[in-house]
Every structure is written in structure tokens, then in C-alpha cells.
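Here is the structure we will look at.
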Amino acid sequence: MKRLSIILMCFATLAFAACGGTSKTGASTNSDAAAKASGKSTATAMIGLYNSYRANGTISLSNALDLSNALVVATGYTNYRNNQSNAAYKQSFAAGMVAGGAGLITSANVGNIINTMNNVTGLNVNASNIANSVNTVTSILTLLQALGAAQ
């Protein structure tokens with residue numbers, strides 16, 4: 001029980017830290033470099049979750065790495081959604097996803113991955129409601145299934 005409490009406290013801390021960087025308040029959020037970095041980190045975390053899912057058949061809420069990766073994906077989703085009207089941001093985010101996609105996310109399937117990410121619910125990072133993490137992980141499983149279909 002103590003281990004679960006520690007993991008949940010770590011997750012809550014990560015959620016609060018991640019929420020601070022998800023608004024589109026400055027030019028740096030809309031820059032090519034920031035969009036590419038966000039796409040790359042989102043893809044890297046998604047690949048980490050995909051590998052965990054393939055190895056274990058599930059994403060474990062008691063695994064700190066799975067939780068951390070889920071939060072990175074959710075944060076990337078939030079960044080993308082906040083900048084969705086910016087065509088240059090979207091293009092750079094997609095390029096970053098391909099760069100971080102470890103060969104699973106390619107220029108041929110990145111559009112489908114992003115569309116799937118946009119259409120699932122539960123990926124919003126919400127620091128006031130940590131229970132949302134269960135919905136986030138469920139939504140990420142949907143994304144991982146889209147990756148599996150791409151192979």
C-alpha cells in the first residue's frame with residue numbers, strides 16, 4: 001500500500017509539472033523546435049508504452065515508467081491540441097513524431113497516428129483530477145493498437 005501511495009504521489013507531481021508547460025502562451029510554444037521536440041518526446045514515450053504493452057499485454061498503473069510515458073503522451077497531445085490551428089506547428093510535430101518513432105511511426109503512417117490521437121478521449125492532462133489518469137491510459141492503449149495495426 002505504501003508503494004502505491006509513493007507511485008501515486010510521483011504521478012501527481014509529474015502531472016502538476018507537465019501542466020505548467022502545456023498552454024500556448026508564447027512564441028516558443030509555437031516555434032518549429034518546440035513542436036518538433038514535443039512530437040519527438042510524444043513518439044518516444046508512445047513507443048515505450050507500445051513495447052511495454054507488447055511485452056506485458058497491458059499498461060501497468062503500478063509501473064512508474066509506464067505512468068511517466070503515459071503522462072508524456074498526454075502532455076504531447078495537449079500541446080498539439082493547443083496549437084492545432086497552426087499548420088507549421090502541426091507539420092513540425094509530425095516530423096518530430098517520425099524522428100522519435102523508432103521506425104514504427106513513419107511519414108506514411110504519422111497522419112493516421114495523429115488522427116487517432118485526436119479522436120480518442122481521455123488524453124487531456126488535468127492536474128485537478130488525477131483519476132483522469134485511468135482514462136488517459138485507456139486512450140493510450142487505443143493509440144498503441146493503431147501502432148500495432150501499422151506494422
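For clarity, every value in this text was computed on a predicted model and none was experimentally measured.
Side chain of N86 to backbone of A88: a donor-acceptor contact under 3.5 angstrom is found. Counting only distance, with no hydrogens or angles, the side chain of D66 and the backbone of S60 share a donor-acceptor pair below 3.5 Å. Not one N or O on the side chain of S52 forms a donor-acceptor pair closer than 3.5 Å with the backbone of G48.
Counting heavy atoms from C-beta outward, N83 and K90 have side chains that stay 4.5 Å or more apart. Residues T75 and V72 have side chains not in contact (no heavy-atom distance under 4.5 Å, counting atoms from C-beta outward).
Put simply, CG on N51 and CG on L104 are 7.0 Å apart, with the number rounded to the nearest 0.5 Å.
Here S38 pairs with T42, N79, Y89, F93 under the side-chain contact (heavy atoms from CB on, under 4.5 Å) rule; sequence neighbours left out. Residues passing the side-chain contact (heavy atoms from CB on, under 4.5 Å) test with T106 are A108, N109, sequence neighbours excluded. Residues forming a side-chain contact (heavy atoms from CB on, under 4.5 Å) with V110 (at least two apart in sequence, or on another chain): A94, M97, V98, I105, I114.
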Test side-chain contact (heavy atoms from CB on, under 4.5 Å) applied to I47 and N69, step by step | CA-CA 9 Å; I47 297 303; N69 280 335; over 6 Å; no
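Shown here for N118 and Y80, the closest heavy-atom pair between the two residues is ND2-CE2, 3.4 Å. A pairwise comparison of heavy atoms in I59 and L49 identifies CD1-O, 3.4 Å as the closest pair. Across every non-hydrogen atom of A43 and G101, the tightest pair is CB-N, 3.9 Å.
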